[in-house]
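Counting starts at 1 for both ligands and their atoms, following the listed order. Nothing here was measured: the structure is a model prediction, and the numbers come from that model.
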Amino acid sequence: MTKEQSRELTVAEMATLTAGATMWTTPAIPDAGIASLSMADGPMGVAGARIDERDVSLLTPAPMALGASWDPALVQRVGRLVGGEAVRRGVDLMLAPNLNLARSPLAGRAFEYFSEDPLLCGTLGAAWVQGCQAAGTGAIAKHLVCNDSETERDRMNAVVDERTLREVYLLPFEMAAQAGCAGMLTAYNRINGQWCAEAGPVVRDIVKDEWRFPGVFMSDWFGTHSTAASLNGGLDLEMPGPARFLGARSASAVAEGQVPLERLQDAARRVAAAARRFGAEKGQPLDDGAATALLVEAAAAGFTLVRNEGGLLPLDPARAQRIAVIGPNASAPCFQGGTFAKIAVKPDAVLPIDALRARFGAAIDSYTPGVDPQPKLPRMPVRPARMLADGCTRGMTIDYFDNADFAGPPLLSETRDTNSLTWFHGVHEAGALQADAGTRASGIFTATETGQHRFHVGGTGALRLLVDGVEVFRRDEQLAPGDVMGRLKSGDADSVGIVLEAGRAVDVVVELRYTAARCQGLWYGVRAPGTAEAMLADAVQAARDADAVILVVGETSDASVESKDRADTCLPAEQLVLIERVCAANPRTVVVTNVGHAFDTRWEGQAAAVLHCWYPGQEFGNALAQVLAGDREPGGRMPVTIARNDGDYPALSLRPDAQGDLHYSDGVRFGYRGLAARGIAPRQAFGGGFGYAAFHLRDACVRATGDGCELTVTLRNTSTRAGAEVVQVYRTVPELTLAGYAKVWLEAGAATNVVIPIPLRRLQVWRAGWHTLEGPVHLLVGHSSADLPLSVSITLQGDAS
Ligand code: BGC
């Protein structure tokens, strides 16, 4: 340790360390050897500090897709990839992984969670942490705790009993702590009456004191509410900066005797330790080829095949004759969710339809979306109004003005190939975004069809839309600053119809006058003519004419957002009609779903095969083509339960009651546990699914070890293909509970003994302390929570720890 590093900090310096310096950094104290840490949002990659489609970064499969892989070794490699990507982008700490749980299928951010089950989530989360940190990038596990919903997330109070908190919602964080994560982010919500950022009984007493976690606790962005209560509760760092509650105020709170000096010293020590650990030595990013290969492998590893009548899949490209590709998500895939951690994907990411064409060649004789692929906001396929030095030939010319009359030369001009622009205060290169200023977007649109085109426009201020110099839409209304975020998140747009002839080029101009607020947004698009009936009829005809159909349905990324849960579990109504009509027209239809969470699949009996792809990241297309062609296994197993009826889910509504309380009344009996306890069969069981190979389990036995027990079972691949199986072990009391699992790859016809260690904690329950289950404990072994053919039992020593 150098002299600088060993120097004592003054109280003022310690206080400085308790708040961020900027939106994404901590303060540096160079002469004490404390570097500034820069942070970026995750978990699917390294999100840019400004929301800009040009800040391209690698996009991994979403955690729910990684959860479906049931493969910690793979998830560790994905974490390493993201850690390396952070190094490439100069980022020291990733705000990831997200260790909340998919308690309800309606949760707006469920795609960002690994699973409904805490053990699956915890093991995969810990693996991700280890991988990320192996690159020298710190992982900040989030959001402690019970931020499993978005409705009223800034106010909601999660009411959870101690056993449920310990066994379910804290377990993934405990495993991340054991994996040595750099820190944790406190959630926006309250837990049993206290803000998570002030929740001493959890942060201080359990995580810091009981688990001896040495990392940093920081608040979720703008989620700090107080000075003394936060510090005393265990919060170390207010984010983002500049400080509102901590920082210099931390020193005053110590001087006034509201916070012990030792607490401030401890907070500063934790921040300084993270800066020394993660502000220094770094690993290498993966090279492009290795990164792409891993992203294809990881996407395919999460694809979950739940139905394959008559062995329709894989479709052999050498024998396939006429395959119709249908469905909106084949050309407009949902690679990821729509939170602020959205990654700018490389513009040439391969679309499923293009990858399928490349793999199946002439066998794919048609593609038709069947329904509108961009039901909410269509793209604006334009040429820029002016050619700028950036040389871009696609997108709109964006001019920034320092006045709301758009007078004089613009402060800055750029070309942006996107239909949605967002600017945060201070990020805009031309200076702060003040009221009385504006942005103009202009481009040239050429109609390719004749008929009524609908021009859409939305934004956070007053708006004007001009087509060929004529004002066709105007909204003078100015929002209250507090409503800007809501408008931005809703993405609502107005539209006007204009008849154009094919080949006609028109000038399109959109003007936004800013509202005084921290951020601004402007979005626009144009929808070409075409009716829903015609699109559906084309799809049905294509299905009739084909030997087999690949029907790709699913969501757009605005189905999964922050601050909002979903209203229902269904696919859009027009997609349900599309599934029904296409499956009726062609019995050899594979339905590929691109949905990030559990959803209603009551239609699945209509299809010959069903493959759930979740949100698979930027290599969706290549992974899909390889899996459908049989070059790769669909490696996934269900990371969540799909119930037959919404009423079967142990937790569905995420709306707090009139007092703001959200009662976790399902307790430890969430998801599959709740269904099993009530004897209700799921539509798709947790852990269920299969690949192209087939497996048989026999001869399970169990023996006690120093810490719990070890289960051994023989697994045989009974098929003529190599493939992977996930062997799952559940205890039966007090409720069915996943106790261990292993993903095993086996060559055709091969057999192996699979050994699954089950630490004692997996066989304990919390009753004011950890208590080992008494009497003989039955362990069921099998392929899913609803397919457990083998049973063993063991009596353990009743240790409470
Ligand atoms: C989200 C966090 C995220 C943070 C910084 C918050 O709104 O809840 O998950 O890390 O913003 O972007």
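Using a 4.0 angstrom heavy-atom cutoff, Arg153 counts as in contact with ligand 1. Residue contacts with ligand 1: Glu112 is excluded, as none of its non-hydrogen atoms falls under 4.0 Å.
Here's the thing with Trp221: none of its N/O atoms is less than 3.5 angstrom from an N/O atom of ligand 1. Backbone and side-chain nitrogen or oxygen atoms of Arg109 are examined, and one is located within less than 3.5 angstrom of a nitrogen or oxygen of ligand 1.
The shortest non-hydrogen separation linking Pro639 to Trp614 is CD-CZ2, 3.4 Å.
Note on Arg54 versus Asp417: no salt bridge recorded, every NZ/NE/NH1/NH2 to OD/OE distance being 4.0 Å or above. With salt bridges taken as basic N to acidic carboxylate O contacts below 4.0 Å, one links Arg263 and Asp236. The residues Glu414 and Arg416 are annotated as salt-bridged, a charged nitrogen and a carboxylate oxygen being separated by less than 4.0 angstrom. A salt bridge is absent between Arg190 and Glu152: the closest approach of a Lys/Arg side-chain nitrogen to an acidic carboxylate oxygen does not fall below 4.0 angstrom.
Scanning the protein heavy atoms around atom 12 (O) of ligand 1, the nearest turns out to be Asp41 OD2, 2.7 Å. For atom 11 (O) of ligand 1, the closest non-hydrogen atom on the protein side is Asp220 OD1, 3.6 Å.
Under the salt bridge (Lys or Arg N to Asp or Glu O under 4.0 Å) rule, Asp41 has a single partner from Lys342, Lys142, Arg89, which is Lys142.
Aromatic ring centres of Phe670 and Tyr649 lie farther apart than the 6.0 Å criterion allows.
Under 4.0 Å from ligand 1, the heavy atoms of Trp24 that appear belong solely to its side chain. At a 4.0 Å heavy-atom cut-off, ligand 1 does not touch Met23 at all.
The distance from ligand 1 to the heavy atoms of Leu95 drops below 4.0 Å at these ligand atoms: 5 (C), 10 (O). Atoms of ligand 1 found under 4.0 Å from any heavy atom of Lys142 (numbered from 1 in listed order, with element): 2 (C), 3 (C), 9 (O), 10 (O).
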